[in-house]
Amino acid sequence: MMDSKYAIGNGQNSINKYKIKMKPLPVIFNNSSGPPNAKKIKLNDENRNSTNGHTNNNKPKISIQDQRRNLPVFDKRNKLLELVKRHKTLIILGETGSGKTTQIPQYIHSARLQENGKIGITQPRRVAAVSIATRVAQEFGHGMTVGDTVGYSVRFDDCTSNKTKIKFMTDGMLLREAMYDRLLMEYTVIILDEAHERTIHTDVLFGIVKKAQKTREDRNQTPLKIIIMSATMDVEHFSQYFNNCQAVYLEGRTYPVNINYTIKPHDDYQTSCVATFFKIHREAPSNHDVLIFLTGQEEIEACAQRIRLLAKDPDVQGPSVKCFTLYAAQPSAQQMSVFQPSPPNTRKVVISTNIAETSITIPGIRYVIDSGMVKARTFHPSTGLELLKVQRISHEQAWQRAGRAGRDSEGHCYRIYTRSQFELMKKSTVPEIRRANLLTVSLQLLALGVHANYFDFLDKPPKEATVAAFEQLQLLGAVDDVNSICLTPVGRKMAKFPLDPRFSKIILAAEQYGCLQEALTVVSLLSTESILINPVTKQAEAQKVRQKFCSAYGDLITLLNIYREFEAVGQNNKRIWCHEHFINMRNILHAREIRNQLEQLCKKCDMGAMSSCGGDLDRLRKCLIMGMFMNVAELVRDHQYITLDKKQSVQFHPSSCLHRQQPHLVLFAEVVQTNKCYLRGLTTIEADWLREIVPDYMKSHSLRFNSS
DNA sequence: GAGCACTGC
């Protein structure tokens, strides 16, 4: 695959940034036993099935029904069904490998506990929803294909029919369904799986299903059963929230993992990871694979380069080394390569971000090296700034990482931190709802009839975050005032779009500006990852060949130009065109898919003709102001801008096509803080337009310089 | 003249 956003392979650029110590000093560990409450589970080496479709091929083949009977959950079948029958809400704590996700929906179905309704099971990730549904359909019976009794529903892919009784879906999908029917009458059983991950969607669903259950009960409607499935974390918290409901524990099938801590702290955790790898490499049999957790792409590529170099050193003992990297920005084909079994007498080492913590399971890992660090996004409601920061992981994450070594057999985990550093880490990861921008959630909740301030959250988000969100909703015209519990007609339409409310507003405004085609394109492009590829080695070339698309009006119009050209190219030439122009084919196709969905939603909202402004881009730029007027920056002195809203000092990001220019006013799509505060996704606008389009906002946010 | 972890509708 060539559609990578980054140049991957020789990594020459990254390597120069890190000093290579050819012989890193050894890292010394004490050897301590596993987690304090580690349960030593008897080894039982047969037929583990995995939910991600990567089954172990060197095990003897046994029938699919025998595999089901061998799962730990099988023995508890009757007990579980009894509990599900007896309790309207049940928490199931299941360890990895218990089989809970694939089996429990089938048990419920075969006992007909769902009666005439459906069983809905949510997952935080699309791939999980699809692959689990496919697996369960296979198990379910002969000739059964996914989409019959067992189906799934994820964005852009609804594989259900009127026969579907067991429906796997993403948590975001169920949330969207709730906006059309807040009582979720389609379902008699709802299972929220992976609840411990606490995605923003699952957190909102906790409140939605709890309220739906209560309302249906009060109105004497068909009852709703709720099942919360989670790893073994903080049962009390969940149980209290669901009126002290019953919790049941399911044993898993994992193997003991020996935990090692360093004797002293290591600030240069990257070098220590490399050194630890070679310590393992010297001692362990060659078929024992190693997984290293680091924080980001650049760090991972640099570390891979060091390992590859050192492995060639004649002084280094041990088998040959096959080194893989793993992070989300990679093309999927490259991600898949980590599943290749290593050839004989070769050690496989995978260096990964936290994508390997939950999203991707690599079989055969015996050793985990945990740097103890993660890169995480934090949102500051007071400034509206998002900050991407390397920080320490939580205990939950540390155990999750360690567990990756114990999926196929007994394993080892080397933690590049001391026991006392570990004790200082946070017990659990702060749930997303407590560190995210709440604009979208607040709008969604209003569409469900609740004000975020009064919503029954499992964990309440910070007050400032909801205050900031409601101020913006009011400015966008979605509510009449910040305490309103109902949406304006505009707000109701905005909630129908699966977008940031600011972008929904742009689409709604496009009707009046006569630029719906262009607005849909720009918003779709803003809703995906970047379509531009900037390989480190061919950066100048990429910029030169794309020069013809650059607009003096800024980045968003430039993106529009690229998209228009992409659509004008014949179907058979698109791939080659993308390659020639350093455009990410996967991402631009994804933008097109989103654009189609948004266009359908416009028709549902009776938005009339698909108007186009053609070459009159002023209309589009004015339309963008309707949704993004809180994102205006004004030039104050040489290349220095301040935001109109929070008076932040900011600069244009060097990747912007306006980087060397100094327009008086710009709209920006986002502000990211790294070394400095940078604006990205720029569009130039006129002062007069602001006064004309958002006069009230401009009264409270006056410009320093009034000339254009 | 810099560099972005991970999801989802």
Side-chain angles (χ1 to χ4, degrees), chain A residues 5-7 13-14 17 122-129 153-158 169-180 194 197-205 293-302 326-330 352-360 371 373-378 386-391 393 397 429 431-432 435-436 440-441 443-444 447 495-501 503-504 524 527-530 532 534-536 539-540 543 590 593-594 597-598 600-601 639 651-660 670 672-680:
Chain A
K5 276 193 297 181
Y6 304 92
N13 217 297
S14 320
K17 297 187 182 171
T122 66
Q123 293 291 323
R125 282 169 290 278
R126 286 170 60 96
V127 275
S153 175
V154 297
R155 190 183 190 183
F156 306 127
D157 194 3
D158 181 358
M169 63 187 115
T170 47
D171 48 13
M173 204 65 188
L174 185 60
L175 194 54
R176 198 132 287 272
E177 287 185 10
M179 291 170 66
Y180 291 90
E194 310 287 5
E197 287 193 28
R198 302 292 307 273
T199 70
I200 213 158
H201 291 150
T202 306
D203 262 28
V204 173
L205 282 172
F293 283 102
L294 285 169
T295 68
Q297 178 191 340
E298 193 175 43
E299 192 176 280
I300 285 167
E301 291 295 346
L326 187 60
Y327 43 86
Q330 277 170 330
S352 174
T353 61
N354 48 346
I355 196 172
E357 245 174 62
T358 48
S359 302
I360 296 178
S371 65
M373 309 301 279
V374 68
K375 197 176 283 184
R377 173 181 284 174
T378 43
E386 290 195 329
L387 192 62
L388 218 48
K389 214 173 86 183
V390 173
Q391 56 193 50
I393 57 170
Q397 284 176 294
T429 313
E432 203 184 353
R435 53 187 167 88
T440 306
V441 168
L443 180 73
Q444 283 173 340
K496 294 225 187 309
F497 289 87
L499 292 170
D500 184 309
F503 297 161
S504 311
S524 303
S527 304
T528 56
E529 288 181 63
S530 174
L532 308 181
N534 291 308
V536 249
Q539 203 161 358
Q543 274 167 8
H590 188 228
E593 211 167 14
I594 292 173
Q597 186 189 32
L598 298 179
Q600 295 307 314
L601 285 167
H639 290 290
Q651 291 181 20
F652 290 179
H653 194 278
S655 67
S656 168
C657 63
L658 295 181
H659 179 239
R660 286 171 200 283
E670 59 175 352
V672 185
Q673 188 180 348
T674 49
N675 290 325
K676 290 173 183 164
C677 272
Y678 288 109
L679 301 181
R680 310 182 59 170

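Any value given below was found using the heavy atoms of this structure, including those in side chains, with hydrogens, waters and symmetry copies removed.
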Pairwise 5' ranking along DNA chain B for A:Pro498 and A:Asn354, keeping only the more 5' one: A:Asn354
Out of [options], whichever nucleotide has its closest atom nearest the side chain of [X]:
X	options	result
A:Gln297	B:dA5, B:dA2, B:dC6	B:dA5
A:His653	B:dC6, B:dC9, B:dG3	B:dG3
A:Arg126	B:dC9, B:dA2, B:dT7	B:dC9
A:Ser359	B:dT7, B:dG1, B:dA5	B:dT7
A:Lys375	B:dA5, B:dC9, B:dG3	B:dA5
A:Ile355	B:dG8, B:dT7, B:dA2	B:dT7

Within the structure shown, what part of the strands sits under 4.0 Å from [X] by heavy-atom distance: base, sugar-phosphate, or nothing?
X	result
A:Thr353	sugar-phosphate
A:Tyr678	sugar-phosphate
A:Gln673	nothing
A:Val390	nothing
A:Arg125	sugar-phosphate

Would you mind reading off the distance between [X] atom [atom1] and [N] atom [atom2], rounded to a whole angstrom?
X	N	atom1	atom2	value
A:Glu299	B:dC6	CD	P	12 Å
A:Phe652	B:dG1	CZ	P	14 Å
A:Leu175	B:dC9	CG	P	11 Å
A:Asp203	B:dC9	CG	P	17 Å
A:Glu432	B:dC9	CD	C1'	13 Å
A:Phe156	B:dG8	CZ	C1'	11 Å
A:Met173	B:dG8	CE	P	13 Å
A:Ile200	B:dC9	CD1	C1'	13 Å

Qualifying residues under salt bridge (Lys or Arg N to Asp or Glu O under 4.0 Å), relative to A:Arg435, sequence neighbours excluded: none
Partners passing salt bridge (Lys or Arg N to Asp or Glu O under 4.0 Å) against A:Asp203 (at least two apart in sequence or in another chain): A:Arg198
Does A:Thr170 make a side-chain N or O approach to OP1 or OP2 of B:dC9 shorter than 4.0 Å? yes
Just how far is it from atom CD1 of A:Ile300 to atom CG of A:Leu294, taken to the nearest 0.5 Å? 6.0 Å
Would you mind checking if A:Lys375 and A:Glu298 are paired as a salt bridge, meaning a charged N to carboxylate O distance below 4.0 Å? no
With side-chain contact (heavy atoms from CB on, under 4.5 Å) as the criterion, how do A:Phe293 and A:Val374 come out once you've worked through the C-alpha distance, each side chain's angles and the decisive distance to 0.1 Å? CA-CA 8 Å; A:Phe293 283 102; A:Val374 68; over 6 Å; no
Record whether the side chain of A:Gln539 comes under 3.5 Å of the base of B:dA2 through a donor-acceptor pair of N or O atoms. yes
Is it the case that the side chains of A:His201 and A:Thr199 hold a donor-acceptor pair, with the cut-off being a distance below 3.5 Å and no angle test?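 Checked: A:Thr199/A:His201 side chains show no N/O donor-acceptor pair below 3.5 Å.
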